[in-house]
4 protein chains.
Amino acid sequence: MKPSSPSLRPRKKPVQPRAVETYAWMLEAAAQILESQGIDAFNTNLVAERAGVSIGSLYQYFPGKEALLVALMQREKACMGADAATALAAPDGRAALAHMVGAAVRHQLDRPELARLIDVEETRPGVQQEVENVSNYLGLLRSTLARPDLPPQPDPEAAAADIAALVRLLVDAAGARGETDAQHLERRVLAAILGYLGAPSGIGDR
Amino acid sequence: MKPSSPSLRPRKKPVQPRAVETYAWMLEAAAQILESQGIDAFNTNLVAERAGVSIGSLYQYFPGKEALLVALMQREKACMGADAATALAAPDGRAALAHMVGAAVRHQLDRPELARLIDVEETRPGVQQEVENVSNYLGLLRSTLARPDLPPQPDPEAAAADIAALVRLLVDAAGARGETDAQHLERRVLAAILGYLGAPSGIGDR
Amino acid sequence: MKPSSPSLRPRKKPVQPRAVETYAWMLEAAAQILESQGIDAFNTNLVAERAGVSIGSLYQYFPGKEALLVALMQREKACMGADAATALAAPDGRAALAHMVGAAVRHQLDRPELARLIDVEETRPGVQQEVENVSNYLGLLRSTLARPDLPPQPDPEAAAADIAALVRLLVDAAGARGETDAQHLERRVLAAILGYLGAPSGIGDR
Amino acid sequence: MKPSSPSLRPRKKPVQPRAVETYAWMLEAAAQILESQGIDAFNTNLVAERAGVSIGSLYQYFPGKEALLVALMQREKACMGADAATALAAPDGRAALAHMVGAAVRHQLDRPELARLIDVEETRPGVQQEVENVSNYLGLLRSTLARPDLPPQPDPEAAAADIAALVRLLVDAAGARGETDAQHLERRVLAAILGYLGAPSGIGDR
DNA sequence: AATGAATGAGCCTTCATTCAT
DNA sequence: AATGAATGAAGGCTCATTCAT
């Protein structure tokens, strides 16, 4: 995964139905390889083989290995972001926060290893900016923190970043430990966040 | 970084003074390459060159690339662990916790990129067990959480793991954002932990 | 450009007006790519794209990449050959020679890089025989050398070949150096030829 | 032969005797492949195989395929240049010119196909400047043309370039036609040059 | 006739590791 | 002990060509 010179954007969007299918297969193959064999086994030849397409087809849609990874990240992030975005409809900040945490937790526990690896690879230089705004998680978080029922933060920017990181890592760590109880996990993460924000967290009932 | 069949332990401990120096140079070269060029540029030939030794010599001390990485991780963890261990002398749980967080923060802000990369690579299968007990951070954390002035935890094991993860990620994220104010960061992390633990966090003075 | 098994002749002549146009576009696209990006960038997919046709269409007219190149060469040679052929009408050998050189020079300076590349690629095995007789340059030259006002040559075959080569390279080299003054170039080439032939060359007025 | 980004200079000079041998073998293998199979068959794997070394060894000395080609060109040019340089000792301009032509002819007829291909590939962008000054042929030519027994040239720069081109192409063309008589060829080329220069050429005895 | 998705042989290059000196 | 030349498996990517639609 050295070169990195080729663009990180897909070369072309599939239009014909057959191509749409091919494209989706390639992303899913990439996902499966990542979660079952890890990043070191992630190579374009293997992805193509697993997707049941030729290596040439893969390169018709993606200019390089990393672009494939980015497209997969975006697929995952978009999915999670859509779920999280419904938090805007929540009646108050607490509920919205709960919903956002819930979205992250559900997403993570759906395919834990894949989610964890994507979180890790997201830190690659150049990749981050391609992926970060797909789910507008950070932006949503900032809006939510500004709601009146949550304690005002002296540095809202840092608070949002901290919380995003906090959600991500707690959830990753739980996934890595094999936890599968979304409810329990969600409550703990929410408690940590509320504690961090300085809000009474009702931890007693945990 | 595929063939992880060779052992992850150093082949031999350097005994002669010159060998000790060589050994240290190799680790430091590895560290510098990691922090300046990233994991993708981290290869044995480059490490040897930067260390000013031949590739053959490198393989006299390390059975393979991954063992070199592990040794570096251990060097870093040991250093941080020694600092954290002094928390045992703290008068109460809060102070101990603060000291442990402080140790992590100081270590991270010392060489942020190196620390972040090591945290990431630590999750490699096989690597984790070689490294985790070098600094007894988790163990220390468990003891500290059991101190009487901190709220008792229903699942101390999970709590310790969560907190360790929490410290790591908040601090990594801060390092990645370029934060350099150890005091400020330390306070925020501590607030998150105490919030998580359900303890009044004195956030007011943040 | 390895598999030269397919024929070098176009698959079919375009008959419908639209097809004629398409065919011409493909040749022109090939020409433009050659002159602007060089032989290494010359590939069938790019030519098709630039010509605004599908790769499938290109292969309907040409059995392979090399056939496309040959067709382009023939287009260029035919054009130059027609100009040179009017030398037959010249009153004497000197004038005829001058006209032939002039044709080559004009052609070369019209699209220098294209002409140069074609000269180079013409030496490919198999290609040469397809292209050499399109412009009957060599034949014309032989006839011209036999005219009574030019010195008789002991080996007319070799002389014609030498002169053709001489014209080509001097003109290529001038094109590569960026010369654009056709008159000046023409005079120098003619001087070289007459010198080679052992004829007084009237260099004084050069 | 697309990428061309890697440097065109050898990665390192071989120092150990074994390495010197390896290096020479690689150049010779490259030469043999070029002359027997042409530029399209010239690839690094084949060169390594023919040289009896591994592909890895080839890349220890050359940063890429093109650098190998350049090194070969330099080997050939240097050899010819050394021969041509003795022309400085010639008593007059004519003799010097004759010697320079002789050097080119001898070199060309030694390995005609190799020499021809190198002349062609020399025009690659980036390659030219790496190779052109190895044999100082053009410089020598300029000095020689300035000698008092040769007719003064209005544009010595252009004249030298023309003559260099002329020598090269006549000699290439002869090699391509399979000529092997160096004497005969040399006389014809010299005649052409002297004619071009406007000097009485004694063509009569050709 | 035209399209363009798909193919896959083949080439370039890297880098972990070995071993003769 | 140290050296560094040599190895070769592995993987990224291109592009000429085919063929179902």
Side-chain angles (χ1 to χ4, degrees), chain A residues 1-3 6 12 14-19 21-23 41-46 48 53-66, chain B residues 1-4 6 12 14 16 18-19 22 40-49 53-66 68, chain C residues 1-4 6 12 14 16 18-19 22 40-46 48-49 53-66 68, chain D residues 1-3 6 12 14-19 21-23 42-46 48 53-66:
Chain A
M1 204 166 290
K2 189 85 69 47
K12 65 181 179 190
V15 274
Q16 296 181 9
R18 182 170 50 137
E21 225 180 328
T22 300
Y23 189 91
F42 180 79
N43 70 70
T44 54
N45 292 289
L46 188 55
V53 301
S54 70
I55 181 64
S57 289
L58 195 153
Y59 277 91
Q60 293 238 338
Y61 295 99
F62 303 100
K65 176 186 181 167
E66 206 151 26
Chain B
M1 201 168 291
K2 193 79 74 41
S4 65
K12 62 180 180 192
Q16 295 179 12
R18 183 164 59 115
T22 300
D40 287 342
F42 180 79
N43 69 69
T44 54
N45 291 287
L46 187 55
V47 169
E49 188 192 356
V53 301
S54 68
I55 181 65
S57 291
L58 193 152
Y59 274 87
Q60 295 222 332
Y61 291 101
F62 302 99
K65 175 183 180 172
E66 206 151 25
L68 172 59
Chain C
M1 202 168 289
K2 193 80 72 40
S4 64
K12 63 181 177 189
Q16 297 178 11
R18 183 163 58 114
T22 300
D40 287 343
F42 180 78
N43 68 70
T44 55
N45 292 286
L46 187 55
E49 188 192 354
V53 301
S54 69
I55 180 66
S57 291
L58 194 152
Y59 273 86
Q60 294 221 331
Y61 291 101
F62 302 100
K65 175 184 179 170
E66 207 152 25
L68 173 60
Chain D
M1 201 165 289
K2 190 84 71 44
K12 65 181 180 191
V15 275
Q16 297 182 7
R18 181 171 51 138
E21 225 180 329
T22 299
Y23 188 92
F42 181 79
N43 70 68
T44 54
N45 292 288
L46 188 56
V53 302
S54 70
I55 182 64
S57 290
L58 195 154
Y59 277 89
Q60 294 238 335
Y61 295 99
F62 302 100
K65 176 187 180 165
E66 206 152 26

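Naming: A, B, ... by sequence-line order, numbering from 1 per chain.
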Output yes when at least one side-chain N/O atom of A:Y59 is less than 4.0 Å from OP1 or OP2 of F:dC13, else no.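 Yes.
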
What heavy-atom pair brings [X] and [Y] nearest, and what distance separates the two atoms?
X	Y	value
C:K65	C:T44	CB-CG2, 3.7 Å
B:A41	B:L46	O-CD2, 3.4 Å
D:G64	D:Y59	CA-CE2, 3.9 Å
D:A48	D:L58	N-CD1, 3.9 Å
C:Y61	C:A19	OH-CB, 3.2 Å

Between B:T44 and D:L46, which has a closest nucleotide on DNA chain E that is more 5'?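 Between the two, 5'-proximity favours D:L46.
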
Pairwise N/O distances under 3.5 Å, protein to nucleotides 3-6 of chain E:
residue, atom, partner, partner atom, Å
E:dT3, OP2, C:S54, N, 3.4
E:dT3, OP2, C:S54, OG, 3.4
E:dT3, OP2, C:S57, OG, 2.8
E:dG4, N7, C:G56, N, 3.3
E:dA5, OP2, A:K12, NZ, 2.5
E:dA5, O4', A:R18, NH2, 3.4
E:dA6, OP1, A:T22, OG1, 2.5
E:dA6, OP2, A:Y61, OH, 2.9
E:dA6, N7, A:Q60, NE2, 3.1

What nucleotide, of E:dT17, F:dA16, F:dG11, holds the atom closest to the side chain of A:N43?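 Among E:dT17, F:dA16, F:dG11, the one nearest the side chain of A:N43 is F:dG11.
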
Euclidean distance, atom [atom1] of residue [X] to atom [atom2] of [N] [Å, nearest integer]:
X	N	atom1	atom2	answer
A:E66	F:dG11	CD	P	17 Å
A:K65	E:dC12	NZ	P	21 Å
C:D40	E:dC12	CG	P	12 Å

For C:Q60, check side-chain hydrogen bond (donor to acceptor under 3.5 Å, both in side chains) against everything at least two apart and list the hits.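 Testing C:Q60 for side-chain hydrogen bond (donor to acceptor under 3.5 Å, both in side chains), a comparison that skips the adjacent residues, returns none.
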
Results of side-chain hydrogen bond (donor to acceptor under 3.5 Å, both in side chains) for C:S57 - residues two or more places apart only: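 Testing C:S57 for side-chain hydrogen bond (donor to acceptor under 3.5 Å, both in side chains), a comparison that skips the adjacent residues, returns C:S54.
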
Contiguous Watson-Crick or G-U pair runs (3 or more, under 3.5 Å) in DNA chain E: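 DNA chain E forms these stems: E:2-21 with F:2-21.
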
